[in-house]
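Note that the structure is a prediction, hence the values are computed from the model and not measured.
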Amino acid sequence: MLYKRSSELFAAAQQVLPGGVNSPVRAFNAVGGHPIFIKEAQGAYLTDEDNRKYIDYIASWGPLILGHAYPPVIEAVTERAKKGTSFGIPTEVEVQIAELAVSMVPHIDKIRFVNSGTEACMSAVRLARGYTGREKIIKFAGCYHGHSDAFLIEAGSGGATFGSPNSPGVTQGTAKDTLLANYNDLASVKTLFEANPQQIACVIIEPVAGNMGCVPPAEGFLEGLRQLCTENGALLIFDEVMTGFRLAKGGAQEVFGIKADIVTFGKVIGGGLPVGAFAANKEIMSYLAPEGPVYQAGTLSGNPLAMSAGLAMLTALNEQPEVFDSLAKKTSYLHEGFDNVLKRAGFPYQINSFGSMFTLFFAEEPVTDFASSAKSNTARFRKYFHGMLREGIYLPPSAFESYFLNDALTYEDLDKTIGALNRVIMEL
Ligand SMILES: *Cc1c(COP(=O)(O)O)cnc(C)c1O
């Protein structure tokens with residue numbers, strides 16, 4: 001049996017962890033079977049508990065942009081750990097990482113560190129509400145901003161109505177303040193602004209969506225959002241938990257040349273430790289406690305262990321900005337290689353990629369929003385996923401996720417991946 005020890009561990013896990021995991025997508029519910037358990041990882045490769053090796057296209061869902069166990073990060077963490085992991089009192093490393101982040105990202109003066117992307121987005125929205133004195137927010141169907149209540153909302157009938165919760169436990173009271181628009185559809189945003197004059201605190205968006213698979217913004221879409229926010233006195237929040245320090249040093253703001261009012265971070269900024277952050281100009285950040293009235297706090301926020309990992313990661317990216325180019329080239333190479341294999345396959349597919357983000361959709365029409373992403377053939381995806389897994393290629397276990405390339409991947413790894421696809425498509 002290929003995955004013997006993983007299957008034993010998963011059986012044990014299910015006795016003591018709900019669904020056997022600490023985050024739902026890991027349970028393989030979308031693809032069937034059971035998850036592999038990872039023993040260790042180096043560079044671009046994972047090793048599971050059955051000693052099988054995989055080329056990894058998830059990189060812990062994004063953070064490990066330079067590969068697993070990246071030596072400068074590991075060194076920073078081990079050296080730091082010997083001196084104590086948390087004090088709940090300020091440390092120098094918090095100042096160092098804040099100075100570096102502020103120097104790398106455009107339009108931000110100050111940054112607050114938290115422990116996850118969820119916390120960052122939740123706090124950014126509170127800050128936007130406190131700053132504007134307004135209560136409603138606009139988000140886009142298919143965008144994910146963490147699991148706090150205000151974001152777990154899906155469309156009722158069309159984008160122009162009040163949201164309804166898509167998880168039990170989220171109250172109607174919370175849901176009614178989250179308005180849903182369609183990605184790449186400025187008219188849907190305009191309609192919401194017109195129907196709720198002077199009530200929208202902010203628009204929050206993944207500037208390149210990754211949580212409905214990779215969906216890049218259409219030409220002019222982000223510019224249009226910027227303009228609508230400015231005209232209506234609402235803040236524009238770029239959720240750069242996925243794109244921050246991945247698309248470029250300065251994230252999507254730099255790539256698209258658009259100023260967001262608040263930016264959220266996670267994933268890469270922690271180098272593989274639990275870190276999130278949100279940032280803005282001085283004026284907006286002055287509303288945050290203890291400078292201002294909007295409360296936000298955290299016992300382990302900015303702890304020296306996590307900050308050391310993040311500082312080592314950001315330092316590496318700051319000193320080797322060619323990494324972003326290198327990653328984009330590898331992603332284009334994979335995109336072309338997949339295209340060459342799939343165009344002979346005889347079934348419909350779409351590939352979206354941007355920077356180091358990539359998704360193969362088994363869909364007939366171009367994927368530009370949640371509705372078109374949701375039309376993907378999930379049965380074909382399941383076969384594809386398990387076929388690639390057997391070939392030693394680890395992909396996201398869901399049809400609606402982005403792959404995250406890491407720079408430890410070699411062209412030989414990419415060729416192996418394309419070769420694996422060539423064998424697997426026979427079964428699709
Ligand atoms: C991962 C992600 C989050 C949530 O971050 P966590 O650290 O998982 O809480 C928020 N927004 C986006 C865009 C993400 O990709």
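- Residues Tyr54 and Tyr45 keep their aromatic ring centres 6.0 Å or farther apart.
- Considering every non-hydrogen atom in both Ala234 and Asp261, the closest pair reads O-OD2, 4.1 Å.
- Shown here is Gln320, whose CD atom has more than 12 heavy atoms of other residues, nucleotides or ligands within 6.0 Å.
- Summarising the geometry of Gly19 relative to Ala27, their closest heavy-atom pair is O-CB, 3.9 Å, with the distance given to 0.1 Å.
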**Working for side chain to side chain donor-acceptor pair (under 3.5 Å), residues Asp413 and Thr410** = CA-CA 5 Å; Asp413 295 327; Thr410 63; 3.1 Å; yes
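- Using a 30° and 60° split on the angle between ring planes, His34 and Tyr3 fall in the perpendicular class, above 60°.
- A ring-centre distance under 6.0 Å is found for Phe338 and Phe358.
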Fill in: Ser188/Thr191 under side chain to side chain donor-acceptor pair (under 3.5 Å): CA gap, chis, key distance, verdict
CA-CA 5 Å; Ser188 72; Thr191 305; over 6 Å; no
request  = Starting from the C-alpha separation in whole Å, work towards a yes-or-no answer on side chain to side chain contact (heavy atoms under 4.5 Å, CB included) for Glu49 and Ile38.
outcome  = CA-CA 6 Å; Glu49 290 283 354; Ile38 297 304; over 6 Å; no
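- Between Phe362 and Pro348, every side-chain heavy-atom pair lies at or beyond the 4.5 Å cut-off.
- Residue pairs meeting the salt bridge (Lys or Arg N to Asp or Glu O under 4.0 Å) criterion with at least one member in residues 370-383, sequence neighbours excluded, do not occur.
- Aromatic ring centres of Tyr394 and Tyr57 lie farther apart than the 6.0 Å criterion allows.
- Scanning both residues, Leu389 and Arg52, for their nearest heavy atoms gives O-NH2, 3.9 Å.
- For the atom pair Leu360 CG and Ser353 OG, the distance stands at 11.5 Å (nearest 0.5 Å).
- Distance check: Phe37 CZ to Leu46 CG gives 14.0 Å after rounding to the nearest 0.5 Å.
- Counting non-hydrogen atoms of neighbouring residues, nucleotides and ligands closer than 6.0 angstrom, the CD atom of Glu427 exceeds 12 such neighbours.
- Remark: Glu75 CD is loosely packed, at most 12 non-hydrogen atoms of other residues, nucleotides or ligands lying under 6.0 Å away.
- Side-chain atoms of Ser356 and Arg246 include a donor-acceptor pair closer than 3.5 Å.
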- request: Report the C-alpha distance between Val208 and Leu247 in whole Å, list the side-chain angles of each, state the deciding distance to 0.1 Å, and finish with yes or no for side chain to side chain contact (heavy atoms under 4.5 Å, CB included).
  value: CA-CA 9 Å; Val208 176; Leu247 298 184; 3.8 Å; yes
Quick one: do Ser376 and Phe361 satisfy side chain to side chain contact (heavy atoms under 4.5 Å, CB included)? Show the steps, please.
CA-CA 6 Å; Ser376 303; Phe361 298 92; 3.6 Å; yes
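- Looking only at side-chain heavy atoms (C-beta outward), His145 and Lys139 come within less than 4.5 Å of each other.
- Under the 3.5 Å distance criterion, with hydrogens and angles disregarded, a donor-acceptor pair is assigned to the side chains of Arg112 and Gln296.
- Judged by distance alone, the side chains of Tyr333 and Asp415 do bring a donor and an acceptor atom under 3.5 Å apart.
- Using a 4.5 Å heavy-atom threshold, the side chains of Met285 and Ile262 count as separate.
- Taken to the nearest 0.5 Å, the CZ atom of Arg26 stands 9.0 Å off from the CH2 atom of Trp61.
- Gly146 approaches Thr118 most closely through the heavy-atom pair CA-OG1, 3.3 Å.
- The pair Asp48-Arg5 does not meet the salt-bridge criterion, since no charged nitrogen lies less than 4.0 angstrom from a carboxylate oxygen.
- Defined by atom type and a distance below 3.5 Å, a donor-acceptor pair is missing between the side-chain atoms of Thr359 and Asn352.
- In the model, Lys39 has a side-chain atom that pairs as donor or acceptor with a side-chain atom of Asn51 under 3.5 Å.
- Nearest heavy atom pair, residue Ile237 against residue Ala128, reads CD1-CB, 4.2 Å.
- The environment of Glu412 atom CD is sparse: at most 12 non-hydrogen atoms of other residues, nucleotides or ligands sit within 6.0 angstrom.
- Crowding of Lys259 atom NZ: a count of heavy atoms from other residues, nucleotides or ligands under 6.0 Å exceeding 12.
- The line from OH of Tyr411 to NZ of Lys330 is 6.0 Å long, rounded to the nearest 0.5 Å.
- Checked by atom type, the side-chain pair Asp149/Thr174 shows no donor-acceptor distance below 3.5 Å.
- A salt bridge is absent between Lys190 and Asp185; no separation between the charged side-chain nitrogens and carboxylate oxygens falls under 4.0 Å.
- Ring pair Phe221/Tyr183: centre-to-centre distance below 6.0 Å.
- With no hydrogens or angles considered, a side-chain donor-acceptor pair links Gln227 and Glu231 at under 3.5 Å.
- Within the 4.5 Å cutoff, side-chain heavy atoms of Phe381 are placed close to those of Val31.
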Check against side chain to side chain contact (heavy atoms under 4.5 Å, CB included), Leu235 and Ile284:
CA-CA 10 Å; Leu235 300 188; Ile284 293 173; 4.3 Å; yes
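- Within 6.0 Å of atom NE2 in His147, 12 or fewer heavy atoms from other residues, nucleotides or ligands are found, so the atom counts as exposed in its surroundings.
- No hydrogens or angles considered: a donor-acceptor pair under 3.5 Å links the side chains of Ser372 and Asp369.
- With values rounded to the nearest 0.5 angstrom, Ile258 atom CD1 is found 8.0 Å from Leu236 atom CG.
- Residue Asn184 comes nearest to Ala218 through the heavy atom pair OD1-N, 2.6 Å, listed as atom of the first residue, atom of the second, then distance.
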(Q) Run the side chain to side chain donor-acceptor pair (under 3.5 Å) test on Asp339 and Tyr349 for me, step by step, so that the C-alpha distance in whole Å, both residues' side-chain angles and the decisive distance to 0.1 Å come before the verdict. (A) CA-CA 9 Å; Asp339 241 344; Tyr349 71 94; 2.6 Å; yes
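- Within the model, atoms CG of Asp325 and CG of Asp407 stand 10.5 Å from one another, a figure rounded to the nearest 0.5 Å.
- Asn281 and His107 form no side-chain donor-acceptor contact under 3.5 Å, judged by distance and modelled atom types alone.
- Using a 4.5 Å heavy-atom cutoff, the side chains of Asp56 and His68 are in contact.
- By the 6.0 Å contact criterion, CD on Gln14 is enclosed, its count of non-hydrogen atoms from other residues, nucleotides or ligands being greater than 12.
- Taking 4.5 Å as the limit, some side-chain heavy atom of Phe404 sits within range of a side-chain heavy atom of Met357.
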*Would you please test Glu254 and Lys249 for salt bridge (charged side-chain N to carboxylate O under 4.0 Å, His left out) and show each step?*
CA-CA 8 Å; Glu254 177 185 326; Lys249 270 193 204 184; over 6 Å; no
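- Using a cutoff of 4.0 Å between basic side-chain nitrogens and carboxylate oxygens, Asp50 and Lys4 are not scored as salt-bridged.
- Between Asn303 and Thr85, the closest side-chain pair of non-hydrogen atoms is not below 4.5 Å.
- A 6.0 Å sphere centred on CD of Glu219 holds no more than 12 heavy atoms belonging to other residues, nucleotides or ligands.
- Taking the six-membered ring wherever Trp is involved, the centroid distance between the rings of Phe265 and Phe278 does not fall below 6.0 Å.
- Within the 4.5 Å cutoff, the side chain of Ile111 has heavy atoms near those of the Ile269 side chain.
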